[in-house]
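First listed ligand is number 1; within each ligand, the first listed atom is number 1.
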Amino acid sequence: MTIAVNITTTPKQKPNADELGFGQIFTDHMFVLDYTTEKGWHGGRIEPYAPIQLDPASKVFHYGQAIFEGLKAYITVDGDTLLFRPDRNFARLNHSAERLCIPAIDEEYALEALKKLVEVDREWIPKEPGTSLYIRPFVIATEPNLGVDPSTAYKFIIIMSPSGSYYAEGINPVKIMVEQKYVRAVVGGTGEAKTSGNYASSLISSEEAHAKGYSQTLWLDGKENKYVEEVGSMNIFFKINGTVVTPELTGSILPGITRDSMIQVLKQKGIPVEERHIAIDEVIEAHKNGTLEEVFGTGTAAVISPVGRLLWDGEELVINEEKIGDVSQLLYDTLTGIQTGKLADEFGWTIRL
Ligand code: COI
């Protein structure tokens with residue numbers, strides 16, 4: 001499959017680093033690939049970033065057949081362009097596609113398309129510390145048909161957004177509310193797929209968290225409302241008495257690529273790390289007896305985000321005096337060091353364009 005390139009004749013003004021925020025500004029180009037039952041995936045092209053026209057009966061609007069990914073491109077200290085584990089994103093996209101009855105995409109072709117798109121919009125990658133080019137590949141069902149069955153037509157699109165921190169707090173600790181009423185996912189549901197509906201159903205909880213002054217929600221398992229799962233925009237880790245614990249992947253948790261990377265870094269540094277069930281009661285108990293040393297989230301958008309306060313059952317737990325813990329800082333420095341080329345990539349995670 002080839003990739004046609006149509007360069008814009010009206011490039012946009014690039015933003016200053018202090019105007020970035022997260023996911024608000026988009027680059028000059030996007031990649032688009034179409035699917036029909038007759039032709040399969042076809043017509044891959046890079047074209048000027050613009051609104052797309054869809055039939056109002058497109059299945060995505062009615063039944064939410066949509067999946068997405070999030071990854072980043074960086075400019076290294078040597079001025080190279082670098083992608084972090086993009087192969088894992090396309091593998092996960094296909095895993096989500098399988099769950100949502102969306103036809104698989106050729107992962108190598110998707111990576112080639114992404115590399116080309118990033119090269120075309122290279123000047124949009126911000127260079128300031130803490131900034132990057134956030135990349136959002138997604139697939140939507142476009143067949144105009146209200147029958148509840150898998151679409152026969154799709155669009156795979158990659159858009160890109162120069163971004164700063166996901167949280168306004170940056171690397172400073174965030175406040176998280178443990179959700180006790182709503183659930184995000186159950187085993188057998190779509191929790192481990194990156195599908196839009198998971199995020200839609202989480203909004204009511206985020207709104208309630210915001211109203212109480214918290215950044216986001218920590219989800220418990222959907223069956224017993226007992227075991228910690230994830231935050232929704234990031235996976236969660238607890239350092240208890242010297243050991244870092246993160247919920248094991250049960251099928252209802254998103255298999256985060258940053259999560260996986262940080263587990264590998266912890267192992268390499270000789271810091272004990274466990275993937276297992278962790279009940280919220282264990283976290284509360286550890287806080288009470290003074291062994292809850294750090295809590296932090298990991299995610300592409302969030303990077304490493306320390307948690308300074310947890311609201312549970314009307315009670316607020318203050319963690320590590322709301323300071324960044326040593327392990328959180330070490331992981332942040334290691335991850336961003338590899339991503340910006342300041343540290344050697346011993347894991348083979350990065351691709352330089
Ligand atoms: C990411 O970290 O890339 C995500 O997809 C989280 C997002 C919903 C902001």
Side chain or backbone, does K194 bring an N or O within less than 3.5 Å of an N or O on ligand 1?
yes
Do any nitrogen or oxygen atoms of A301 lie less than 3.5 angstrom from nitrogen or oxygen atoms of ligand 1?
yes
Quickly, which of K194, R136, R92 forms a salt bridge (Lys or Arg N to Asp or Glu O under 4.0 Å) with E69? Name it, please.
R92
Distance to 0.1 Å, residue and atom name: give those for the protein heavy atom nearest to atom 8 (C) of ligand 1.
Y199 CE2, 3.5 Å
Among non-hydrogen protein atoms, atom 7 (C) of ligand 1 lies closest to R136 NH2, 4.0 Å
May I ask whether E69 has any heavy atom positioned less than 4.0 angstrom from an atom of ligand 1?
no
Would you call the rings of W41 and F156 parallel, tilted or perpendicular if under 30° counts as parallel and over 60° as perpendicular?
perpendicular
Quick one, E248 with R276, criterion salt bridge (charged side-chain N to carboxylate O under 4.0 Å, His left out). Give me CA distance, side-chain angles, the key distance, then yes/no.
CA-CA 5 Å; E248 66 184 318; R276 62 167 170 84; over 6 Å; no
Side-chain contact, heavy-atom cut-off 4.5 Å: V303 with T258?
no
Please lay out, stage by stage, how H29 and E47 fare under the test side chain to side chain donor-acceptor pair (under 3.5 Å).
CA-CA 5 Å; H29 298 90; E47 56 187 38; over 6 Å; no
Ring centres under 6.0 angstrom apart (Y35, Y154):
yes
Can you list the ligand 1 atoms lying under 4.0 Å from a non-hydrogen atom of [X]?
X    : answer
F68  : 5 (O)
Y166 : 9 (C)
Y134 : 1 (C), 3 (O), 4 (C), 5 (O)

Residues I25 and P15: closest non-hydrogen pair is CD1-CB, 3.7 Å
My understanding is that we take every heavy atom of each candidate and find the minimum distance to atom 6 (C) of ligand 1. Doing that for S233, G256, A302, which one comes out nearest?
S233
